[in-house]
Amino acid sequence: MNKKSFSFRREERLKSRKTIDKLFRNGQSFGQFPLRVVWMEMETPMGSSPVQFALTVPKKKFKRASDRNRIRRLMREAYRLQKPQFYSHLPEQLEQLAMMLIYTGKEIPDYQTVEIAMKQLLRRLSKKCQKSTR
RNA sequence: UGUUGUGAGUGCCCUGUCGCGGCUGCACCUGGGGAAUUUUCCCUGAGGUGCGGGUGAGGAAAGUCCGGACAACGUAGAGCACUACACCAUCUAACGGAUGGGGUCUGGUUUCGGCCAGGCACAGAAAGUGUCACAGAAAGCUAUACCGCCGAUGUUCUCGUUUGCGAGAGCAGGUAAGGGUGAAAACGUGUGGUAAGAGCGCACGCAUUGCCGUAGCAAUACAGCAGUGGGAUAAACCUUGUGGGUUGAAAUGCCACGUACACUUCGAUCUCCUUUGUAGGAGGUCUGGUUGCUCGCUGGGUUGACCUUGGUCAGUCGGAGGGGGUAGGCAGAUAGAACCUGAUCGUGAGGUCAGGUCUAGAUAAAUGACAGGGAGAUACCUCGGUAUCUUACAGAAUCCGGCUUAUAGCUCACAACAAGCU
């Protein structure tokens with residue numbers, strides 16, 4: 001879709017409070033340690049991006065803001081680099097996917113572990129999407 | 001020289017690839033407006049994309065503990081309540097902060113004059129109330145006297161007797177010298193005095209209050225005179241003095257979207273006066289208003305119809321409730337009590353002047369990831385390499401000034417300890 005495949009723009013971010021509420025109420029989810037994803041298909045797509053995406057790190061487990069920032073940035077970087085592959089495996093008839101990534105681990109990870117987990121998670125997610133759309 | 005502690009400073013650097021948020025230049029696309037006219041031109045700069053340029057976390061961004069700026073709350077005030085502060089002067093926009101000085105306490109040192117270091121919510125206990133464990137007789141205006149001392153005075157008994165009185169024992173009583181208890185026992189030492197004693201008198205001293213003088217801007221210090229001798233506690237209540245309006249950027253203003261001339265319920269809708277009349281005024285009442293209460297001030301409503309003349313209905317104003325919608329954009333909001341350098345004034349905090357710099361502005365929230373090199377640290381050790389690590393505390397959210405707390409390694413200063421050298 002995008003020529004510069006590794007970018008991460010504004011329209012790819014999930015911002016609306018309404019859709020986030022809906023996502024947590026109706027969305028499906030599964031875990032891939034140390035990550036967990038909540039996802040659903042959106043009825044009315046916002047913008048041209050095939051996926052809207054958000055990240056969170058629970059405040060309960062990481063009290064300091066700097067730790068939360070670090071984990072969020074690692075996750076975002078991993079997603080950014082995996083994104084083009086993930087997009088190419090999504091089914092054509094899917095309008096737009098909303099998803100939220102939650103970090104469920106208890107310690108600050110290094111980039112390698114986040115990258116591996118992200119790869120696995122995105123592969124599983126794309127398969128599930130193909131199943132559900134057929 | 002090393003170790004430890006305290007305080008201050010610093011808070012890894014460079015290159016490449018990919019990526020993010022503002023700003024900015026150019027090009028293109030979408031859009032808006034105008035002219036002309038049937039497809040061209042001009043203006044505008046809202047949004048997007050691409051390629052450049054430049055910029056992007058801290059010394060505490062933290063805790064949210066003080067003080068401001070700024071904003072809203074229609075509008076004078078007064079009292080009470082509440083609350084903060086409390087030696088003096090200075091600095092500052094301001095402060096509960098800082099600087100300098102004074103007093104006091106503790107420790108060290110001393111040539112006994114002081115000197116050094118550290119602490120102090122450092123107004124009042126001589127306005128009042130309360131409290132003071134255990135021990136002790138007693139924990140506070142005139143002390144209900146445990147041991148002790150005395151027993152002058154009054155009185156009882158015994159003995160002696162020169163019949164006046166004397167001696168002894170006891171009781172009433174006196175006594176805060178001494179002992180004992182305690183963190184603390186009603187100024188200290190000496191002397192007079194007395195039955196024994198006591199600031200009861202006196203001398204010297206100590207503390208404290210008032211007045212006056214000298215030095216100092218002042219706190220205060222020193223000296224004199226007069227009075228007084230009252231334990232501690234105000235981080236117990238309290239008293240005195242000084243200050244404080246409240247709420248905080250989720251403030252606030254504007255634009256867009258959207259219900260809605262909508263629903264339920266409660267309160268008020270009264271009286272009198274002036275006037276030809278429109279209308280105006282006074283009181284009452286309901287209600288709003290810069291936190292609470294009271295007073296004051298002040299804004300708004302108090303209209304009309306029916307009619308059995310005090311009710312009904314409608315309207316108006318205000319309060320409460322429920323339901324529905326939105327939760328987007330712009331301003332606030334990033335040039336400032338700003339930072340750097342120099343001069344100058346001041347013991348200092350800091351002030352003034354000159355020159356230079358532009359230095360984050362996100363909003364489901366940017367400031368990142370990877371690779372290589374340098375530099376540094378730690379461990380091993382063949383003293384030159386190898387291995388590991390990039391570290392601590394920690395992430396702007398309206399902005400400033402402080403305070404407090406956290407902090408690896410390195411640098412500096414001071415203190416203590418240990419070893420060595422002269």
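Each chain gets a letter, A, B and so on, in the order the sequences are listed, and its residues count up from 1.
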Study note, to complete from the structure: Regarding the side chain of Arg80(A), the nearest nucleotide among G19(B), A369(B), A366(B) is G19(B)

Exercise for review: Taking atom P in both C141(B) and A186(B), compute the distance separating them and give it to the nearest angstrom.
Suggested key: 15 Å

**Study point:** Atom-to-atom span, OH of Tyr79(A) to C1' of C20(B) - whole angstrom
**Key:** 15 Å

Check your understanding: On RNA chain B, nearest-nucleotide positions of Asp110(A) versus Arg72(A): which is more 5'?
Key -> Arg72(A)

Practice item. Look at the side chain of Lys61(A) and the backbone N and O of Gly105(A), then say whether any donor-acceptor pair between them is shorter than 3.5 Å. Key: no

Check your understanding: So what's G241(B) paired with, Watson-Crick or G-U wobble, going by both distances under 3.5 Å?
Key -> C85(B)

Show me the donor-acceptor pairs within less than 3.5 Å that the side chains of residues 113-122 of chain A make with the rest of the protein, sequence neighbours left out.
| unit_1 | atom_1 | unit_2 | atom_2 | d |
| --- | --- | --- | --- | --- |
| Thr113(A) | OG1 | Asp110(A) | O | 3.0 |
| Thr113(A) | OG1 | Asp110(A) | OD1 | 3.3 |

N/O to N/O distances under 3.5 Å, protein versus nucleotides 57-61 of chain B:
| unit_1 | atom_1 | unit_2 | atom_2 | d |
| --- | --- | --- | --- | --- |
| A57(B) | N1 | Arg73(A) | NH2 | 3.4 |

**Study point:** Members of residues 59-68 of chain A that approach RNA chain B, where some heavy atom sits under 4.0 Å away
**Key:** Arg64(A), Ala65(A), Ser66(A)

Review point. Rounded to the nearest Å, what distance is computed from the CD atom of residue Gln112(A) to the P atom of nucleotide C370(B)?
Key: 8 Å

Review point. If pairing requires Watson-Crick or G-U wobble contacts with both distances under 3.5 Å, which nucleotide is the partner of C225(B)?
Key: G210(B)

Exercise for review: With C1' as the reference atom in both, quote the distance from G324(B) to G244(B) in angstrom, rounded to an integer.
Suggested key: 45 Å

**Study point:** Spacing between Gln82(A) atom CD and C370(B) atom P, to the nearest angstrom
**Key:** 14 Å

Revision key, fill the gap. Regarding G22(B), purine or pyrimidine glycosidic angle vs 90° from 0 gives syn

Practice item. Please identify each residue that fulfils side-chain hydrogen bond (donor to acceptor under 3.5 Å, both in side chains) with Arg70(A), with sequence neighbours left out. Key: none

Exercise for review: Please lay out, stage by stage, how Trp39(A) and Cys129(A) fare under the test side chain to side chain contact (heavy atoms under 4.5 Å, CB included).
Suggested key: CA-CA 10 Å; Trp39(A) 60 282; Cys129(A) 285; 3.9 Å; yes

**Study point:** Conformer about C1'-N of A57(B) - syn within 90° of 0, anti elsewhere
**Key:** syn

Review point. Taking only residues two or more places apart in sequence, or in another chain, which ones meet Arg123(A) in a side-chain hydrogen bond (donor to acceptor under 3.5 Å, both in side chains)?
Key: none

**Study point:** Identified pairing partner of U352(B), criterion: Watson-Crick or G-U wobble below 3.5 Å
**Key:** A343(B)

Check your understanding: Syn or anti for G59(B), taking syn as within 90° of 0?
Key -> syn

Practice item. Scan every strand shown for a Watson-Crick or G-U wobble partner of C306(B), both distances under 3.5 Å, and answer none if you come up empty. Key: G311(B)

Point to revise | Distance, rounded to the nearest Å, where Arg76(A) contributes CZ and A364(B) contributes P | key: 15 Å

Review point. Which atoms form the tightest heavy-atom contact between Ser29(A) and Arg36(A), and what is the distance?
Key: OG-NH2, 3.4 Å

Exercise for review: For G322(B) and G284(B), measure between their P atoms and round to the nearest Å.
Suggested key: 37 Å

Check your understanding: Does some side-chain heavy atom of Ile102(A) sit less than 4.5 Å from a side-chain heavy atom of Val38(A)?
Key -> yes

Point to revise | U259(B) versus C266(B) - spacing of their P atoms, nearest Å | key: 31 Å

Practice item. Could you measure between the two P atoms, the one in A327(B) and the one in C26(B), and give it in whole Å? Key: 37 Å

Point to revise | G385(B) pairs with, by Watson-Crick or G-U criteria that keep both distances under 3.5 Å | key: C380(B)

Review point. Can you name the side-chain hydrogen bond (donor to acceptor under 3.5 Å, both in side chains) partners of Arg73(A), sequence neighbours left out?
Key: none

Revision key, fill the gap. Whole-Å distance, Met75(A) CE to G19(B) C1', equals 17 Å

**Study point:** Separation between the C1' atoms of U110(B) and A143(B), rounded to whole Å
**Key:** 47 Å

Review point. With both distances under 3.5 Å as the test, what is the Watson-Crick or G-U wobble partner of U90(B)?
Key: A98(B)

Review point. Does the pair Thr104(A) and Leu35(A) meet the rule for a side chain to side chain contact (heavy atoms under 4.5 Å, CB included), with working shown?
Key: CA-CA 6 Å; Thr104(A) 52; Leu35(A) 305 173; 5.8 Å; no

Exercise for review: Quick one: look up who G289(B) pairs with, Watson-Crick or G-U, both distances under 3.5 Å, and put none if it's unpaired.
Suggested key: C297(B)

**Study point:** Protein-nucleotide distance (Tyr111(A), atom OH; C18(B), atom C1'), rounded to Å
**Key:** 10 Å

Point to revise | d(CD, Glu77(A); P, C20(B)) in whole Å | key: 10 Å

Review point. Under a 4.5 Å cut-off applied to non-hydrogen side-chain atoms, are Gln85(A) and Gln82(A) in contact?
Key: yes

Review point. Which value, in whole Å, describes the distance between the C1' atoms of nucleotides C115(B) and U3(B)?
Key: 31 Å

Point to revise | Shortest non-hydrogen separation from Phe62(A) to Arg68(A) and the atoms involved | key: O-NH1, 2.8 Å

Check your understanding: Going by a 90° cut-off around 0, is G164(B) syn or anti?
Key -> syn

**Study point:** Between U17(B) (P) and Leu81(A) (CG): distance, integer Å
**Key:** 16 Å

**Study point:** Distance in Å, Arg76(A) CZ paired with Ile71(A) CD1, rounded so as to fall on 0.5 Å steps
**Key:** 13.5 Å

Exercise for review: Based on the glycosidic angle (syn within 90° of 0, else anti), state the conformation of G199(B).
Suggested key: syn

Check your understanding: Taking the same atom, C1', in G201(B) and in G193(B), what whole-Å distance lies between them?
Key -> 8 Å

Review point. With both distances kept under 3.5 Å, what pairs with U155(B), Watson-Crick or G-U wobble?
Key: G170(B)

